[in-house]
Amino acid sequence: MKLFKSYTVYVIGFVVILVLSGCVSGGYSFTGASIGEAKTIRVEHFPNRAPVVQPTLSNTFTEALKDRFVQQTSLNLVNDMADMEFEGEITDYRITPRAYQGNETAALNRLTITVKIKFVNRTDETQNFEQTFSEFSDYSSSKSLTSVETDLIEEIVDKLTESIFNKAVVNW
């Protein structure tokens, strides 16, 4: 009986591995991404054309978008024509006051970053889009922007790349 149980566990494990490997090789991943027949991806450099230019934002965003797709799909990053391609620009980097207090000063400030994206999917042109994505994060007005800026940018860029990833390859 003990031998039968361990044999059953091995068989079930083997079947699960076969099913999961079929999903991944069939254009799906554990992230819910559906890349179809696409094998390659290219992400162009995103220039910062916002009225206020944060010097490292362009590289930070571009590299984060590349990393998101390389880490969460089986796509290979290339520098020339690819099955999936992203291009665009950073169009806004803005700090606005939020949550006013009784003395008419802001208790919170909000950093908002906006990017314009053009996505081309050569294996399924119905997935192509041009869209603006915008995300934000609030921080206490008692803190200077320079003391929290790096963390805020990281958080916002993570939200932006997740939204872009979901729009491009998670078709739920």
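Nothing here was measured: the structure is a model prediction, and the numbers come from that model.
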Trainee: So, does Thr73 use its side chain to make a donor-acceptor pair with the main chain of Phe69 at under 3.5 Å?
Mentor: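 A pair under 3.5 Å: yes.
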Trainee: Does Ala107 offer a backbone N or O that forms a donor-acceptor pair with the side chain of Ser141 under 3.5 Å?
Mentor: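 At least one qualifying donor-acceptor pair exists.
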Trainee: Measure the spacing between OG1 of Thr114 and CD of Glu89 and express it to the nearest 0.5 Å.
Mentor: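 Interatomic distance, Thr114 OG1 to Glu89 CD, rounded to 0.5 Å: 11.5 Å.
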Trainee: Ion pair present between Arg122 and Glu85, side-chain N to carboxylate O less than 4.0 angstrom?
Mentor: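 So Arg122 pairs with Glu85 through a salt bridge.
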Trainee: Please step through side-chain contact (heavy atoms from CB on, under 4.5 Å) for the pair Thr40 and Leu75, ending with a clear verdict.
Mentor: CA-CA 5 Å; Thr40 57; Leu75 295 170; 5.9 Å; no
Trainee: I want to check something: taking the side chain as every heavy atom from C-beta on, are Val157 and Leu57 in contact at a cut-off of under 4.5 Å?
Mentor: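 Sidechains of Leu57 and Val157: in contact.
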Trainee: Between the main-chain N or O of Met84 and the side-chain N or O of Asn121, is there a donor-acceptor pair closer than 3.5 Å?
Mentor: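 Answer holds: no.
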Trainee: Assess the side chains of Thr56 and Gln54: does a donor N or O sit below 3.5 Å from an acceptor N or O?
Mentor: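 Per modelled atom types, Thr56 and Gln54 side chains form a pair under 3.5 Å.
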Trainee: Before giving the answer on side-chain contact (heavy atoms from CB on, under 4.5 Å), spell out for Ile113 and Phe136 the whole-Å C-alpha distance, their side-chain angles and the decisive distance to 0.1 Å.
Mentor: CA-CA 6 Å; Ile113 300 173; Phe136 65 87; over 6 Å; no
Trainee: Do the side chains of Asp83 and Arg42 get close enough for a salt bridge, i.e. N-O under 4.0 angstrom?
Mentor: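 Here Asp83 does not pair with Arg42 in a salt bridge, since their nearest N and O are not under 4.0 Å apart.
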Trainee: Check for me, please, whether Phe119 and Val70 land in the same ILVMFWY cluster - side-chain distances under 4.5 Å, paths through other members count.
Mentor: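 Same cluster: Phe119 reaches Val70 through Ile, Leu, Val, Met, Phe, Trp or Tyr contacts under 4.5 Å.
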Trainee: Apply the test salt bridge (charged side-chain N to carboxylate O under 4.0 Å, His left out) to residues Arg49 and Asp92: give CA-CA distance (whole Å), side-chain angles for both, the deciding distance (0.1 Å), then the verdict.
Mentor: CA-CA 7 Å; Arg49 298 209 170 94; Asp92 201 13; over 6 Å; no
Trainee: Locate the shortest heavy-atom distance separating Pro47 from Gly88; write the atom from each residue and the value.
Mentor: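 Shortest heavy-atom contact: CD-O, 3.2 Å.
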Trainee: When you measure from the centre of the six-membered ring of Phe133, is the NZ or CZ of Lys116 closer than 6.0 Å and no more than 45° off the axis?
Mentor: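 Output no; distance or angle outside limits.
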Trainee: Is any side-chain heavy atom of Thr161 less than 4.5 Å from a side-chain heavy atom of Phe61?
Mentor: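 In contact.
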Trainee: Is there a side-chain contact between Leu145 and Leu152 (heavy atoms, below 4.5 Å)?
Mentor: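 Counting from C-beta outward, Leu145 and Leu152 do come under 4.5 Å.
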Trainee: Do NZ/NE/NH1/NH2 and the carboxylate oxygens of Lys66 and Glu63 come within less than 4.0 Å?
Mentor: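 Looking at Lys66 and Glu63, the cut-off is met.
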Trainee: Going by atom types alone, do Glu155 and Ser137 pair a side-chain donor with an acceptor below 3.5 Å?
Mentor: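 Result is yes, a qualifying pair exists.
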Trainee: Can you check whether Val115 reaches Leu160 side chain to side chain, under 4.5 Å on heavy atoms?
Mentor: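 Sidechains of Leu160 and Val115: in contact.
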Trainee: Applying the 4.5 Å side-chain criterion to the ILVMFWY set and letting contacts propagate, would Val120 and Met81 be lumped into a single cluster?
Mentor: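 No, it is not one cluster - the side chains of Val120 and Met81 are not joined through contacts under 4.5 Å.
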Trainee: May I have the step-by-step check of side-chain contact (heavy atoms from CB on, under 4.5 Å) for Ile117 and Glu87, ending in yes or no?
Mentor: CA-CA 6 Å; Ile117 300 287; Glu87 64 180 66; over 6 Å; no
Trainee: Report yes if the side chains of Val78 and Ile41 come closer than 4.5 Å at any heavy-atom pair, otherwise no.
Mentor: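 SC-SC contact between Val78 and Ile41 ruled out.
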Trainee: For the residue pair Phe86 and Phe129, categorise the inter-ring angle as parallel (less than 30°), tilted (30 to 60°) or perpendicular (more than 60°).
Mentor: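 Ring orientation of Phe86 relative to Phe129: perpendicular.
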Trainee: Counting heavy atoms not belonging to Gln131, are there more than 12 under 6.0 Å from its CD?
Mentor: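 Buried by this count: over 12 neighbours within 6.0 Å.
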Trainee: For residues Asn48 and Ser58, report the shortest heavy-atom separation together with the two atoms involved.
Mentor: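 Shortest heavy-atom contact: N-OG, 4.0 Å.
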Trainee: CZ of Arg68 to OG of Ser163: how many Å apart, nearest 0.5 Å?
Mentor: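 OG of Ser163 is found 8.5 Å from CZ of Arg68.
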Trainee: Would Thr112 and Glu135 count as having a side-chain donor-acceptor pair, cut-off 3.5 Å?
Mentor: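 Distance-only check fails for Thr112 and Glu135.
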Trainee: Between Thr62 (side chain only) and Phe46 (backbone N and O only), is there a donor and an acceptor less than 3.5 Å apart?
Mentor: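 Yes; judged by distance alone, with no hydrogens or angles, the pair exists.
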Trainee: Would you call Asp138-Arg110 a salt bridge at under 4.0 Å N-O?
Mentor: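 Yes, this pair counts.
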Trainee: At their closest point, which heavy atom of Ser147 faces which heavy atom of Ser144, and how far apart are they?
Mentor: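 Scanning both residues completely, I find the closest heavy atoms to be OG-O, 2.7 Å.
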Trainee: Gln72 and Phe165: side-chain contact (heavy atoms from CB on, under 4.5 Å), yes or no, with the steps?
Mentor: CA-CA 9 Å; Gln72 295 188 1; Phe165 180 86; 3.5 Å; yes
